Protein chains: 2
Amino acid sequence: MRTVPTVYEVARHARVSTATVSRVLSGNDRVRPEYRERVFAAVAELGYVPSGAARDLAARRAGVLGLCFPDLVGDQDIESDAMFWYDEIIRGMERAARRRGYALLIAACHDTDDVDLVTTVAGRCDGLVVLARTVPAPVLERIAGRIPVVMLAGPRTPDEVARVVDHLVVANRAGAFEVTGHLLDVHGYTDVWFIAGPDSPDSAARFEGYQAALTERGLPVAPRPHAISDFTTAGGRRAVAQLLSDGHRPRALVCANDQTALGALTALAGAGLRVPQDVAVTGFDGIQLGQHVRPALTTVAQPMRQLGEKAVSMLEERLADSALASRLIEMPVRVDIRDSCGCSAVP
Amino acid sequence: MRTVPTVYEVARHARVSTATVSRVLSGNDRVRPEYRERVFAAVAELGYVPSGAARDLAARRAGVLGLCFPDLVGDQDIESDAMFWYDEIIRGMERAARRRGYALLIAACHDTDDVDLVTTVAGRCDGLVVLARTVPAPVLERIAGRIPVVMLAGPRTPDEVARVVDHLVVANRAGAFEVTGHLLDVHGYTDVWFIAGPDSPDSAARFEGYQAALTERGLPVAPRPHAISDFTTAGGRRAVAQLLSDGHRPRALVCANDQTALGALTALAGAGLRVPQDVAVTGFDGIQLGQHVRPALTTVAQPMRQLGEKAVSMLEERLADSALASRLIEMPVRVDIRDSCGCSAVP
DNA sequence: CTGAAAGCGCTTACAG
DNA sequence: CTGAAAGCGCTTACAG
């Protein structure tokens with residue numbers, strides 16, 4: 001092992017105390033300019049890089065925020081069906097964290113056995129963002145006893161861990177309500193079907209919004225989704241292909257998320273059906289890919305950036321006041337009208 | 001502040017020493033089952049989450065790997081032109097790190113002033129991967145004195161920091177050579193142009209490969225790229241639009257990366273040109289988006305997964321033996337033939 | 001197999 | 001403004 005210089009070496013070299021070195025390096029305190037110079041010179045000469053661990057331990061602050069998301073990919077081919085939504089969340093969080101001076105510690109965790117990894121993450125950061133259902137409730141509760149935790153997206157049950165963690169969700173119901181209404185009112189479709197995600201509160205809330213849009217217009221409402229998929233592109237393709245091979249021909253498909261919609265696009269093309277002329281399709285999330293496929297995907301966009309910013313500020317607020325009551329905050333969504341619903345003239 | 005239990009509380013509760021608690025929690029050592037049970041019970045009851053900082057300091061190991069990439073987006077609209085290649089790198093690294101039991105600490109860093117952030121990251125991990133040119137050489141050298149560093153993608157100059165960090169690159173030259181050869185030999189195009197990225201070794205190496213393919217076939221070779229862009233979609237679109245509005249009509253475009261190629265596709269469509277019938281286009285990187293655009297992008301795919309795995313193992317090797325000579329490893333690439341080169345029958 | 005105790009490398013009251 | 005010294009919460013030889 002190479003020998004790494006410590007504060008002591010730096011202090012000796014600069015002929016000051018370690019306290020002074022620490023002050024100079026932290027930037028804030030008023031230190032005699034002469035000493036400051038000497039410290040910087042010593043740091044440069046010795047190639048000093050402070051130990052984060054020692055610093056964190058002494059200062060009780062890591063300058064790091066954590067993000068745990070589910071490892072849906074597992075050991076399979078990661079390139080086959082990546083979760084683009086996670087990419088956007090990671091990027092949004094990294095950006096928000098960095099703006100506030102934090103680095104981001106990320107880890108994909110299996111719900112089941114990765115308690116170690118979760119603990120590794122939780123023990124090393126000042127606050128933690130967890131995507132819904134990534135971490136078992138008991139583990140989450142324990143972690144929340146140490147650092148602030150924000151759960152992103154819907155919890156499995158309404159009050160599970162509700163008391164100890166903050167929740168940040170998007171307007172799933174309102175978004176699905178609005179995009180369904182668009183298909184109904186602007187395009188006049190009546191035969192609009194819903195392709196659900198896996199058993200999740202997000203998919204459920206979106207289905208409710210879809211139902212409400214139909215109900216409000218006095219249209220018949222399906223008691224349950226017309227197909228159930230798993231939020232992946234491959235799953236969406238399979239689900240819709242099945243529907244089609246069963247002989248169904250709905251006029252429009254409201255999909256629980258963008259990747260499901262992307263899969264639907266593929267399945268429809270495979271069956272020789274045109275989108276949106278024969279079948280209209282909408283998604284949910286607003287992943288970037290949706291702008292690039294043809295037809296471009298009409299969707300309900302989540303405010304990725306604001307989600308990250310909000311999560312970070314919720315963490316900071318609780319860091320400042322641990323007595324805060326747990327909160328549930330809902331962020332608005334925006335319907336992005338593109339081509340797949342039938343709005344643009346398609347060549 | 002809530003009061004967090006420590007090893008001491010756990011030890012007292014379990015009526016064992018802190019050494020025993022530590023052993024039980026680290027999993028390895030042989031501890032009397034009875035004690036083990038008591039420790040687990042105490043941990044559960046107290047809601048104990050070990051301090052990562054204390055653990056790291058004592059064990060001189062963080063179980064965390066770092067990744068620094070350039071912050072190209074800055075404070076502009078992140079959603080306008082994200083760097084998909086980074087997403088893939090982040091995902092690949094996270095996955096590889098996790099497989100070896102590490103979490104990933106990520107931070108986008110400005111070349112100029114974010115030395116603090118870089119230090120925050122470097123001080124908290126066991127090894128660091130840096131995308132080329134993210135971190136100034138002097139800073140990198142200093143960091144390399146503390147932990148192993150792997151630089152991903154081409155360094156600015158051949159020997160800059162060469163001695164202190166390992167390098168991991170892909171076969172830029174060979175990949176460009178091969179895909180250009182494909183356009184030349186299989187499709188018989190002769191008028192093949194190169195759209196470069198910014199001044200970077202990667203773009204330069206790809207241009208060389210392109211040139212070599214032409215030279216080898218006795219075709220005239222452009223001494224410099226026909227257009228210079230910046231690796232972004234918007235930049236690629238602008239560069240190609242300019243070319244077209246200047247009246248140029250190359251038969252094929254070899255683009256320095258996928259996003260440039262995506263921009264080219266847009267520019268060509270905007271000019272009423274068909275791809276690949278009027279103009280063929282190829283990219284470099286193999287980002288997922290390339291499979292989804294129409295026509296699907298023919299490209300040179302980087303082995304994202306293997307890149308991550310390799311970076312992690314290089315870090316581990318150097319962790320095990322700090323006396324290792326610095327290495328330069330080149331990973332192979334694979335030409336992915338899709339539609340934009342003209343290979344598939346396009347309806 | 002187990003425990004007492006030193007030590008990891010910083011920061012921060014506390015005096016001065 | 002500066003320094004001596006305690007302390008942050010773990011792990012790990014070292015004895016036993």
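Values in this document were obtained by computation on a predicted structure and should not be read as measured data. We name chains A, B, ... by the order of the sequence lines, and we start the count at 1 in each one. Excluded from the calculations below are hydrogen atoms, water molecules and symmetry mates; all remaining heavy atoms, backbone and side chain alike, are included.
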Please write out the pairs of protein N or O atoms and N or O atoms of nucleotides 2-4 of chain C separated by less than 3.5 Å, giving the distance to one decimal.
| from | atom 1 | to | atom 2 | distance (Å) |
| --- | --- | --- | --- | --- |
| C/dT2 | OP1 | B/Arg32 | NE | 3.1 |
| C/dT2 | OP2 | B/Arg32 | N | 2.8 |
| C/dG3 | OP2 | B/Ser17 | N | 3.2 |
| C/dG3 | OP2 | B/Ser17 | OG | 3.2 |
| C/dG3 | OP2 | B/Thr20 | OG1 | 2.7 |
| C/dG3 | N7 | B/Arg23 | NH1 | 3.3 |
| C/dG3 | O6 | B/Arg23 | NH2 | 2.6 |

Quiz prompt | Atom pair distance, as rounded to whole Å: CZ in B/Arg55 and C1' in C/dG9 | solution = 18 Å
Self-check item: Distance between C1' atoms of D/dT12 and D/dG16 (Å, rounded)
Solution: 16 Å
Quiz item: D/dT11 phosphate, OP1 or OP2: any side-chain N/O from B/Ser22 under 4.0 angstrom?
Solution: yes
Quiz item: Rounded to the nearest Å, what distance is computed from the CG atom of residue A/Leu57 to the C1' atom of nucleotide D/dT11?
Solution: 12 Å
Quiz item: B/Asp56 CG to C/dG9 C1': how many Å, rounded?
Solution: 12 Å
Quiz item: Hey, mind stepping through B/Leu131 and B/Tyr86 against side-chain contact (heavy atoms from CB on, under 4.5 Å) and telling me if it holds?
Solution: CA-CA 9 Å; B/Leu131 297 199; B/Tyr86 294 156; 3.5 Å; yes
Quiz item: Of the non-hydrogen atoms in A/Ala62 and A/Cys125, which two are nearest, and what is the gap between them?
Solution: CB-CA, 4.3 Å
Self-check item: Strand-adjacent residues in residues 58-65 of chain B, judged by heavy atoms under 4.0 Å from DNA chain D
Solution: B/Ala58, B/Ala59
Self-check item: Pairing annotation in dot-bracket form, given for DNA chain D with Watson-Crick or G-U pairs under 3.5 Å and | for cross-strand partners
Solution: |||.||||||||.|||
Exercise. Return the minimal non-hydrogen interatomic distance between B/Val121 and B/Ala107, and the atom names on each side.
Key: CG2-CB, 3.8 Å
Quiz item: Are A/Arg32 and A/Tyr35 in a cation-pi contact, defined as NZ or CZ under 6.0 Å from the six-membered ring centre and within 45° of the axis?
Solution: yes
Quiz item: Whole Å only: how far is the CD atom of A/Glu37 from the C1' atom of D/dC1?
Solution: 16 Å
Quiz prompt | Matching residue for B/Val43 among B/Leu25, B/Val24, B/Val49 - test: side-chain contact (heavy atoms from CB on, under 4.5 Å) | solution = B/Leu25
Self-check item: Verdict with supporting geometry, A/Arg91 and B/Asp87, salt bridge (Lys or Arg N to Asp or Glu O under 4.0 Å)
Solution: CA-CA 8 Å; A/Arg91 207 188 303 132; B/Asp87 287 343; 2.4 Å; yes
Quiz item: Going by an N to O cut-off under 4.0 Å, is there a salt bridge joining A/Arg38 and A/Glu34?
Solution: yes
Practice problem: Inspect the contact between A/Asp56 and A/Arg124 and indicate whether a charged nitrogen and a carboxylate oxygen are less than 4.0 angstrom apart. | Solution: no
Exercise. Tell me, please, which residues at least two apart from B/Arg60 pass side chain to side chain donor-acceptor pair (under 3.5 Å).
Key: none
Quiz prompt | Neighbours of DNA chain C within residues 40-48 of chain B, by heavy-atom distance under 4.0 Å | solution = none
Self-check item: Option from B/Leu128, B/Thr134, B/Leu140 for which side-chain contact (heavy atoms from CB on, under 4.5 Å) with B/Met151 holds
Solution: B/Leu140
Quiz item: What pairs with B/Val7 under side chain to side chain contact (heavy atoms under 4.5 Å, CB included), at least two apart in sequence or on another chain?
Solution: B/Thr18, B/Val21, B/Tyr48
Practice problem: Just do the side chain to side chain donor-acceptor pair (under 3.5 Å) check on B/Thr6 and B/Glu9 with the steps written out, would you? | Solution: CA-CA 5 Å; B/Thr6 69; B/Glu9 270 81 62; 3.1 Å; yes
Quiz prompt | Check against side-chain contact (heavy atoms from CB on, under 4.5 Å), B/Ile89 and B/Leu67 | solution = CA-CA 9 Å; B/Ile89 289 289; B/Leu67 174 64; 4.3 Å; yes
